[in-house]
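Below is one structure; the comments refer to it alone.
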Amino acid sequence: MSDPATPPRSLAEALRVRDDASLAVLLRSRPDLITPVPTDLTQLATRAGTRASVVRALERLDRLALQTAEALAVAADPATYDELLALMAGDAGDPAVAGALPHALGTLREQALVWGADDRLRLVRTARELLAPSPQHPSPTGLGPTVQEATAGMSPGRIQEIVTTAGLPSTHDAVSAVSSLSALFSDRRRMAALLADAPEESREVLSRLVWGPPYGQVTADPAPRLRWLLDRGLLLPTAPGTVVLPREVALHLRAGRAHRTTEPLPPPVEAAATHRPQVVDAAAAGQAYTALATVEELLKDWHEGGPTVLRAGGLSVRDLKRTAVALDVSEPLAAFWVELAYAAGLLASDGEPDERYAATPAYDEWLEQPPAQRWALLAQAWLTATRTAGVVGGRDTKDRTLSALGPGLDRSAAPEVRHRVLTLLAGLPEGASPSTESVLARLRWERPLRGPQQDDDLRGRLARWTLSEAEMLGVTGRGALSAHGRALLGAPQPEPAAEEQPAGPGDKLPVHHRPAPPPEPLSPTEQATASATAARLLAPLLPEPLDHVLLQADLTAVAPGPLRRPLADMLSVLADVESKGGATVYRFTPGSVRRALDAGRSASDLHAFLAEHSRTPVPQPLAYLIDDVARKHGHLRVGAASGYVRCDDDAVLNEILADKRAAGLRLRRLAPTVLATHTDPATLLEGLRAMGFAPAAESAEGDVLITRADAHRTPPRTAPEPVPDGPPTPDATLLAAAIRAIRAGDLASTTPRKPSATGPAVTGGELPRTTPAETLATMQAAVLTGEALWIGYVNAEGAASQRVIAPVRVEGGFVTAYDHTADEVRTYPLHRITGVAELADDQT
């Protein structure tokens, strides 16, 4: 085991002296390190240094922590804390940077990107390779190579010429000459004197390169201003026609700063406007009600079978346009509502041969819930979904168009960005709506863009979509987070902000100015509690459903508010929606009345329904309309012949045959009261209705077929599972088990052993190998002496491990022992033990 008082010589040794709480912080912030669980701390350190893991960890650093890592990449290896502070704050110093740097360095240590004490800070080698300057991958700092790196391929004679021209004494070898030149460039006083003699044009050349990129082009015969710099090593050649500004020179010109601008504090989220909390909640509740109505209208439009599924999956552009027209919204908004219903499990494909989209059985259950609970289900589905409607219409990596409900819409960062944006809104005073640019600036500070990501600011686009979608869904009102939106996050209710005193130059960084840690994801139980709380807060704000309408003489009905479910369902069958708004206007037409009759209602039922639910008398024109349509309804009967028409009045059949519009139906008379056709019954029904008749469909037994509004549902479907952004964050139970297993494996691999009597000594990490007879004899002896043993063990799955055990009993081919690595008594089959070794005397 490592001695805590001895400076660690490797990352593995640095991890070995950490306590369990520190290891838990590391594994929680970098969950890929325990997928699968490492066998010991050496393997954990190796995995923490792999390129993929380091890249992922760097991408999750905030701007100050990333700038700290970038500064360490251009510092000496190892570097001291004072050297790091000088690179971050410059020669003049910066109190804000000085106060924030310990926290940033602590973050890098927690995530095992930096190890070592303050006098020997080391950046993990892979991180240094990723962040250090090179011609192929310029450093984010804009710095170039050191003098030693830039002169690696230069001839010793040329190096001596540069040293002499720079005013330094010549040396006996190139190594000392380079060291002398580096010392000159790192000395602020001597460098100032050297540059004071530089021509103005030469200083101008340096000023153009100082903040990067540090490379420039020169001709075979450089101009005098360049020649002066080349002769003194202030510019060094790296390739024919290319020169570079050495890092030491650039740092002098920058006054010691590694970055042009160091950003120690996250930019504040600024309020663009402030409203009374009651106004915000009321506006959000209105939007929540509109969201519920929109989703209901969408599913009602598709309940008898919606658009067909494309061969590659998803909605066609034409069907998306039709849906947008039906919902009276733009196509991007239609894609959002369609995807929201899909994410909530209310919409899916039916799986039939001619696959179509339709409502799921969960939709019927959803309709029976109170409005606030229905909203909470939609909002929770939106908050956790990785499917992103904003990318619909874009292109995937194969240049194929991304369609609504199709593949390729998952963006793993979406839930985290949504949650973070709403959390930032929760940090504002009640009723304050943020400025979009300040939210984007804060997110860019928390997750700076690196490399190719700068060309595709996905997080910025996700944040903009979050702000607009939260407003449409009613999570926010007038841009500010509502009370039920705050509850949905599981965030506490805001408290009055206390006045803050400005920090003095010598004050440390206040805790509330430090970047907040990433929010922990809510557990399923916490999510359910948060949704229930949000629904409880929203319920009083939603309008109370009404049980009546106002009938008017122009064959319309006005619903002055939301209607109760049975009334709304029946009215949607009996009439067509003409306009929406604060009040909904329904219009009665012959077609809508016939639709109600087709659904099994009689004329007397419709009269009674209207009389019961109208606050005004039933207008005479409406009563006449119902009676007139009912008198004709069912007078004709259509069945399958492929199709036939029968009617007791042969004059009506004669009228149909004489009508030119019936030519396409190809009807012929079979009997005085029967016409037959090859046209299918559905087409025959539509054709006769278009001619002004009111036929009814009948079954094979001659009964009138009644069509129901909920005729088509998909089989039971589950909502789409979010696509995680890498391995999920481990919970406390998994972390404890993983740390215990890693500690156990590390104990087994590092415990000293006695030399083998029959072979060479076994070293740490190497499984022992002994014969079955030697294994049994050693076990039996350890039972008598009480000594601990180190064993190699292969489980039933074939996975090999190392363990430290104290045998208690050996019988029946099994050994019962106290397992020090698992901290419990276990029984092991002897045939699965590959070998055994005794521990050194000071370890037993």
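Keep in mind that the numbers below use all heavy atoms, side chains included, and drop hydrogens, waters and symmetry copies.
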Interatomic distance, [X] atom [atom1] to [Y] atom [atom2] [nearest 0.5 angstrom]:
X	Y	atom1	atom2	result
Ile739	Ile34	CD1	CD1	8.0 Å
Leu84	Asp118	CG	CG	9.0 Å
Leu23	Leu44	CG	CG	7.0 Å
Arg418	Thr423	CZ	OG1	13.5 Å
Thr262	Leu64	OG1	CG	8.0 Å
Leu131	Gln67	CG	CD	12.0 Å

- request: Determine, step by step, whether Thr816 and Arg826 satisfy the side chain to side chain contact (heavy atoms under 4.5 Å, CB included) criterion, reporting the C-alpha distance in whole Å, the side-chain angles of both residues, the deciding distance to 0.1 Å, and the verdict.
  value: CA-CA 6 Å; Thr816 302; Arg826 290 185 174 181; over 6 Å; no
Check: [Y] main-chain N/O paired with [X] side-chain donor or acceptor under 3.5 Å:
X	Y	answer
Thr80	Glu83	yes
Arg128	Leu123	no
Thr50	Arg47	yes
Arg60	Arg447	no
Arg257	Ala89	yes
Arg387	Gly406	yes
Arg411	Gly408	yes
Glu774	Thr771	yes
Arg18	Glu110	yes
Thr107	His103	yes

task: Determine, step by step, whether Leu26 and Leu33 satisfy the side chain to side chain contact (heavy atoms under 4.5 Å, CB included) criterion, reporting the C-alpha distance in whole Å, the side-chain angles of both residues, the deciding distance to 0.1 Å, and the verdict.
output: CA-CA 9 Å; Leu26 167 62; Leu33 298 183; 3.9 Å; yes
Heavy-atom closest pair, residues [X] and [Y]:
X	Y	answer
Pro7	Glu13	O-OE1, 4.3 Å
Pro8	Trp115	O-CZ3, 3.4 Å
Arg56	Pro727	NH2-CD, 4.3 Å
Ala117	Arg109	C-NH2, 3.5 Å
Ser53	Asp32	OG-OD2, 2.7 Å
Leu15	Ala112	CD2-CB, 4.4 Å

Under a 4.5 Å cut-off applied to non-hydrogen side-chain atoms, are [X] and [Y] in contact?
X	Y	value
Ile805	Ile791	yes
Leu58	Val54	yes
Trp445	Glu263	yes
Leu789	Pro807	yes
Leu113	Leu61	yes
Ser531	Leu488	yes

With a 6.0 Å cut-off (strictly less than), is the heavy-atom count around [atom1] of [X], excluding the residue itself, greater than 12?
X	atom1	result
Arg832	CZ	yes
Glu149	CD	yes
Arg395	CZ	yes

task: Would you sort out whether Thr68 and Val114 count as a side chain to side chain contact (heavy atoms under 4.5 Å, CB included), showing the intermediate values?
output: CA-CA 10 Å; Thr68 303; Val114 170; over 6 Å; no
- prompt: Does the side-chain hydrogen bond (donor to acceptor under 3.5 Å, both in side chains) test come out yes or no for Arg420 and Thr466, once each step is laid out?
  reply: CA-CA 10 Å; Arg420 185 56 185 153; Thr466 296; over 6 Å; no
- prompt: Which is it for Thr141 and Glu70 under the side-chain hydrogen bond (donor to acceptor under 3.5 Å, both in side chains) test, yes or no, and what are the steps along the way?
  reply: CA-CA 7 Å; Thr141 62; Glu70 292 167 353; over 6 Å; no
- request: Go through the steps to decide whether Asp20 and Arg743 satisfy the test salt bridge (charged side-chain N to carboxylate O under 4.0 Å, His left out), and finish with yes or no.
  value: CA-CA 9 Å; Asp20 287 355; Arg743 293 281 194 202; 2.9 Å; yes
query: Considering the options Glu416, Glu446, Glu59, which one meets the salt bridge (Lys or Arg N to Asp or Glu O under 4.0 Å) requirement together with Arg459?
result: Glu416
- request: Please test Asp62 against Arg442 for salt bridge (charged side-chain N to carboxylate O under 4.0 Å, His left out), starting from the C-alpha separation and ending with a verdict.
  value: CA-CA 10 Å; Asp62 61 51; Arg442 179 61 171 265; over 6 Å; no
- prompt: Is there a donor in the side chain of Arg461 and an acceptor in the side chain of Thr388, or the other way round, less than 3.5 Å apart?
  reply: no
- request: Please determine, by modelled atom types, if Thr386 and Ser412 share a side-chain donor-acceptor pair under 3.5 angstrom.
  value: no
query: With ring centroids as reference points, do Tyr793 and Tyr828 lie under 6.0 angstrom apart?
result: yes
task: For side chain to side chain contact (heavy atoms under 4.5 Å, CB included), just list the numbers for Arg444 and Val439, CA-CA rounded to whole Å, side-chain angles, deciding distance to a tenth of an Å, and then say yes or no.
output: CA-CA 9 Å; Arg444 283 193 292 267; Val439 172; over 6 Å; no
